[in-house]
Amino acid sequence: LTLQWFGNKNVKVVEAPVPAITEPKDVICKVTGTTVCGSDLHLYHKEIMQLQAGDILGHEWMGIVDEVGSEVKNVKKGDRVVASFQIACGTCKFCKEGLTSMCDTTNSSSVQEKLYGKPFAGLFGYSHFAGGFAGGQAEYVRCPFGDTNLLKIPDSVPDEKALFLSDIIPTSYHATVCAEVEKGKSVAIWGAGPIGLLAAKWSKLAGARRVIVIDRVKERLALARDTIGCDVINFDEETDVVKAIYKLEPDGVDCGIDAAAFRYTKGLLHGVQRAIGMETDSAEIVNEALRAVRKFGNIALVADYAAMTNQFLIGALMEKGITLRGTGQAPVQKYWKDLLKKVESGEFDPTIILSHRFKIDEFKELYEAFDKKEQGIMKTFVQT
Ligand code: NAD
Ligand code: ZN
Ligand code: ZN
């Protein structure tokens, strides 16, 4: 069984043949767990132009190695593994520097290359926009460059804790590294989705003095406050988020993390391809962060922006001496071994954001519920 895309809000669970090894570095995995990500909704809504009917979706998955190609060295049949959401070659200049998400070779169809000058790594289950690789919302997946893109999981770590090492655990951690979150600092995070909440948790573990989370979804803010111990700001109730931050931190916050990207609430994903037609992204959250961060503070943008923006508060960046950093797609492989240890020891429990469990044949209903954010749906675990 696989989850395939057929059109706007039209996905179906359909039978498909088990994929075969086509390259010597391929690994075929039997999937044991997968999930839906906020970014899958851009596919669901047909906002990506390179989608083709029958595309298998899903970039967050884990499983058991079923078959390995002749050049695979690090994993063998029967190993429990989690896959990184990007597909990196492991041997190009960027991969060798540990910047696997910046891999130069796996996404030859890259639209980004046209716009930004260089391609980025391919992604599982993200259509021909990201290399045309079949995804992990399936019973079996072909994983190219298995030695680079699979991490072995010890038996002591259950599937529900290991799965999120594919994307949101390293991504949220990387955001705190880029924002220079450290012991004693204060942090403001825009967006209480999986990325924002786990970044809040990492900030707390790093010893941040105060973590402020901004959102409008009550259940998400409650999780930030009650489970993670953050201060929260509901932007529907505060007319001025920046003032509310200064009320808590009179000097401004040391670190800002944008884990929201305003366009998502408005449903206005412009997408890189539309960017070529010069549509613009909103700088609203970035500007709030530029105003709320203290002099010589740091801001990291982990939310997905594409293209250009107008009305960017460049004056604050310059006059306040702020360091504004894009995170890129997080280089999962750079962090995942260390972060697995923190999950294994129980120091970091990603299941604080796990809200629902599904079975593979319920995928269509899951997409519908996830799209409507029904019943406080946050992060799901889908058993295959
Ligand atoms: P999500 O949609 O579940 O959460 C975003 C949250 O932001 C929502 O709760 C929404 O209510 C809130 N929000 C909207 N407008 C806001 C505003 N003006 N101020 C404060 N909050 C606001 O998304 P997610 O899965 O947590 O992902 C967050 C972002 O990170 C997305 O843009 C996603 O595409 C991106 N992402 C980046 C990477 C990477 O490697 N860089 C990886 C995964 C996800
Ligand atoms: Zn994801
Ligand atoms: Zn590479």
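Both ligands and their constituent atoms are indexed starting at 1 by order of listing. Basis for what follows: all heavy atoms, side chains included, without hydrogens, waters or symmetry-related copies.
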D55 side chain vs Y126 backbone, donor-acceptor pair below 3.5 Å: no
SB check D26 R142 (cutoff 4.0 Å): yes
F348 six-ring centre to K201 NZ/CZ under 6.0 Å and within 45° of normal: no
Under 3.5 Å: N/O of I195 near N/O of ligand 1: yes
Polar side-chain atom of R291 near backbone of L313 as donor-acceptor pair, under 3.5 Å: no
Basic-acidic side-chain contact under 4.0 Å: D104, K118: yes
Numbered atoms of ligand 1 (with element) below 4.0 Å of A330, judged on heavy atoms: 39 (C), 40 (O)
Ligand-side contact atoms (ligand 1) for residue partner F85, heavy atom cut-off under 4.0 Å: 40 (O)
Ligand 1 N/O within reach of D167 N/O, cut-off under 3.5 Å: no
I214 neighbourhood, listing ligand 1 atoms whose heavy-atom distance to it stays under 4.0 Å: 20 (C), 21 (N)
Interfacing atoms of ligand 1 (cut-off 4.0 Å, heavy-atom, G191): 6 (C), 7 (O), 12 (C), 20 (C), 21 (N)
S186 versus G252, closest heavy-atom pair with distance: OG-O, 4.1 Å
Ligand 1 contacted by S101 (non-hydrogen, < 4.0 Å): no
Atoms in ligand 1 with a heavy atom of T327 nearer than 4.0 Å: 41 (N)
Test of proximity, P194 against ligand 1: N or O pairs below 3.5 Å: yes
Nitrogen or oxygen of R220 less than 3.5 angstrom from that of ligand 1: yes
Aromatic ring pairing F358/H356, orientation class (parallel under 30°, perpendicular over 60°, tilted between): parallel
Q329 N/O to ligand 1 N/O under 3.5 Å: yes
Ligand 1 N/O within reach of C37 N/O, cut-off under 3.5 Å: no
Contact check, Y305 vs ligand 1, heavy-atom distance below 4.0 Å: no
R80 side-chain N/O to P154 backbone N/O, donor-acceptor pair under 3.5 Å: yes
Metal-centred angle, the Zn ion (ligand 3) as apex - SG of C95, SG of C103, 10° resolution: 110°
Ligand-residue contact atoms, ligand 1 with G328, heavy atoms, under 4.0 Å: 39 (C), 40 (O), 41 (N)
Contact partition for A259 relative to ligand 1, non-hydrogen atoms under 4.0 Å: backbone
Contact check: A192 vs ligand 1, nitrogen or oxygen atoms, below 3.5 angstrom: no
Under 4.0 Å to a heavy atom of V217 - the qualifying atoms of ligand 1, by number: 11 (O)
Ionic contact status for K372 with E368, cut-off 4.0 Å: no
Mutual orientation of the aromatic rings belonging to H174 and Y335 [parallel < 30°, tilted 30-60°, perpendicular > 60°]: tilted
2.8 Å cut-off met by an N, O or S atom of E60 to the Zn ion (ligand 2): yes
